[in-house]
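So the structure is just underneath, and the comments pick up after that.
These values consider heavy atoms only, across backbone and side chains, with no hydrogens, waters or symmetry-generated copies. The first residue in the sequence is number 1, and the count goes up from there.
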Amino acid sequence: MKALDKNLIKLNQQAKTKEDAIKQAGQLLVDNGNVEPGYIDSMIARNKDVSVYMGNFIAIPHGTEDGKDFIKKTGISIVQYPMGVDFSDDPADEKLVTVVFGIAGLNGEHLGLLSSIALFCSDITNVEKLADAQSVDEVINLLKEVD
């Protein structure tokens with residue numbers, strides 16, 4: 001998978017809410033110069049419109065159509081939550097996420113990233129490997145074969 005950057009991967013993080021997790025994934029994109037800060041609000045708005053929870057313990061937050069104005073370059077952030085973050089709206093219907101992929105794509109480039117991530121994470125053992133990874137290099141090695 002192209003567009004992976006060590007600066008965009010954080011391991012062993014904690015978040016109290018799904019909004020906190022989305023903000024952390026978005027902040028990595030801001031800090032790395034992929035997006036302007038307004039993109040994070042767009043990611044949160046997107047999740048309110050349509051859940052970014054994808055199943056298999058992953059979430060893929062990305063911005064709304066209006067959020068495209070905040071994107072400077074394509075990037076993907078990866079945040080690992082070993083203890084999980086609940087992405088449900090109803091506590092009785094827990095949707096636990098252990099890996100969040102924050103995506104910013106220029107000119108539709110994010111569609112390829114979304115497809116690659118969805119394909120890789122359709123195998124739950126791959127998600128478990130990402131959630132259990134002990135180093136940034138291990139995450140990159142797991143994902144570099146994906147295209």
Side-chain angles (χ1 to χ4, degrees), residues 1-15 17-32 34-35 39-90 93-147:
M1 181 182 300
K2 298 172 187 168
L4 287 180
D5 184 321
K6 288 184 176 185
N7 295 327
L8 290 170
I9 300 172
K10 290 284 186 188
L11 303 180
N12 204 21
Q13 299 297 299
Q14 295 179 350
T17 65
K18 59 187 172 187
E19 287 81 11
D20 288 343
I22 292 170
K23 286 177 185 176
Q24 289 175 0
Q27 190 62 49
L28 285 174
L29 293 167
V30 170
D31 293 345
N32 200 52
N34 297 86
V35 300
Y39 190 72
I40 296 173
D41 293 334
S42 173
M43 294 169 82
I44 291 171
R46 171 71 179 209
N47 186 59
K48 287 180 180 174
D49 288 346
V50 179
S51 176
V52 297
Y53 174 76
M54 306 303 286
N56 277 7
F57 304 100
I58 67 165
I60 306 178
H62 52 286
T64 61
E65 188 72 21
D66 293 339
K68 289 180 178 179
D69 293 341
F70 298 110
I71 299 173
K72 298 177 184 174
K73 60 183 179 181
T74 296
I76 177 169
S77 63
I78 302 170
V79 186
Q80 178 197 64
Y81 297 98
M83 301 304 291
V85 179
D86 185 8
F87 267 68
S88 72
D89 291 323
D90 178 0
D93 183 30
E94 185 177 72
K95 295 177 178 170
L96 204 59
V97 168
T98 56
V99 182
V100 171
F101 295 90
I103 294 182
L106 273 180
N107 304 321
E109 292 174 336
H110 68 292
L111 298 175
L113 292 172
L114 282 170
S115 176
S116 297
I117 292 167
L119 184 62
F120 181 79
C121 292
S122 66
D123 183 342
I124 192 73
T125 58
N126 287 334
V127 178
E128 290 172 353
K129 289 176 185 173
L130 286 173
D132 293 340
Q134 299 297 308
S135 71
V136 169
D137 287 333
E138 188 176 349
V139 170
I140 289 175
N141 285 335
L142 286 166
L143 293 170
K144 73 180 180 185
E145 304 296 325
V146 178
D147 267 322

Applying side-chain contact (heavy atoms from CB on, under 4.5 Å) to I58 and I60, what does each step give before you reach the verdict? CA-CA 7 Å; I58 67 165; I60 306 178; 4.2 Å; yes
Please report the closest heavy-atom contact between I9 and L28, naming both atoms and the distance. N-CD1, 4.5 Å
Mind checking whether V99 and I78 have side chains closer than 4.5 Å, heavy atoms only? yes
Any donor-acceptor N/O pair, N56 side chain to C121 backbone, under 3.5 Å: yes
Do I76 and L29 come within less than 4.5 Å of each other through their side chains, counting heavy atoms only? no
I40 and F70, any side-chain heavy atoms less than 4.5 Å apart: no
Side-chain donor/acceptor of T74 to backbone N/O of G105, under 3.5 Å: no
I need the minimum non-hydrogen distance between A104 and Y39, along with the two atoms involved. CA-OH, 3.5 Å
Which atom names give the shortest non-hydrogen contact between F120 and L142, and what distance separates them? CE1-O, 3.5 Å
Check the surroundings of atom OH in Y81: do more than 12 heavy atoms from other residues, nucleotides or ligands lie under 6.0 Å from it? yes
Restricting to non-hydrogen atoms, name the atom on R46 and the atom on V52 that form the minimum distance, rounded to 0.1 Å. CG-CG1, 4.2 Å
Given 3.5 Å as the limit, does a donor-acceptor pair link the side chain of Q80 with the main chain of L130, or not? yes
How long is the straight-line distance from NZ of K48 back to CD1 of I22, given to the nearest 0.5 Å? 9.5 Å
Over all heavy atoms of both residues, which pair between M43 and G26 is shortest? Give the atoms and the distance, please. SD-CA, 3.7 Å
For residues T125 and D123, is any side-chain donor paired with an opposing acceptor at under 3.5 Å? yes
Given L4 and K144, is the side-chain contact (heavy atoms from CB on, under 4.5 Å) satisfied, shown in steps? CA-CA 8 Å; L4 287 180; K144 73 180 180 185; 5.6 Å; no
Mind running side-chain contact (heavy atoms from CB on, under 4.5 Å) on V127 and T98 for me, showing each step along the way? CA-CA 8 Å; V127 178; T98 56; 4.2 Å; yes
What I want to find out is whether D89 reaches K18 closely enough, with some N-O distance under 4.0 Å, to be called a salt bridge. yes
Does N7 reach the main-chain N or O of N32 with its side chain, forming a donor-acceptor pair under 3.5 Å? no
Is a side-chain N or O of Q24 found less than 3.5 angstrom from the main chain of V79, in a donor-acceptor match? no
Side-chain (D86) to main-chain (E94) donor-acceptor, under 3.5 angstrom: no
Just so I know, are the side chains of S51 and N47 near enough to count as touching, which here means a heavy-atom distance under 4.5 Å? yes
So which heavy atom on S77 is nearest to which on A25, and how close? OG-O, 2.8 Å
Look up atom NE2 in H62 and atom NZ in K68, then write down how far apart they are to the nearest 0.5 Å. 10.0 Å
Can you check whether D137 reaches K6 side chain to side chain, under 4.5 Å on heavy atoms? yes
Evaluate the side-chain proximity of L11 to V139: yes if any heavy-atom separation is below 4.5 Å, no if none is. yes
Could you walk me through whether S88 and D90 pass the side-chain hydrogen bond (donor to acceptor under 3.5 Å, both in side chains) check? CA-CA 5 Å; S88 72; D90 178 0; over 6 Å; no
Does the E138 side chain pair with the main chain of A133, one donor and one acceptor, at a distance under 3.5 Å? no
Donor-acceptor contact below 3.5 Å, side chain Q134 vs main chain D132: yes
In this structure, CG of N141 is separated from OG of S135 (nearest 0.5 Å) by 7.5 Å
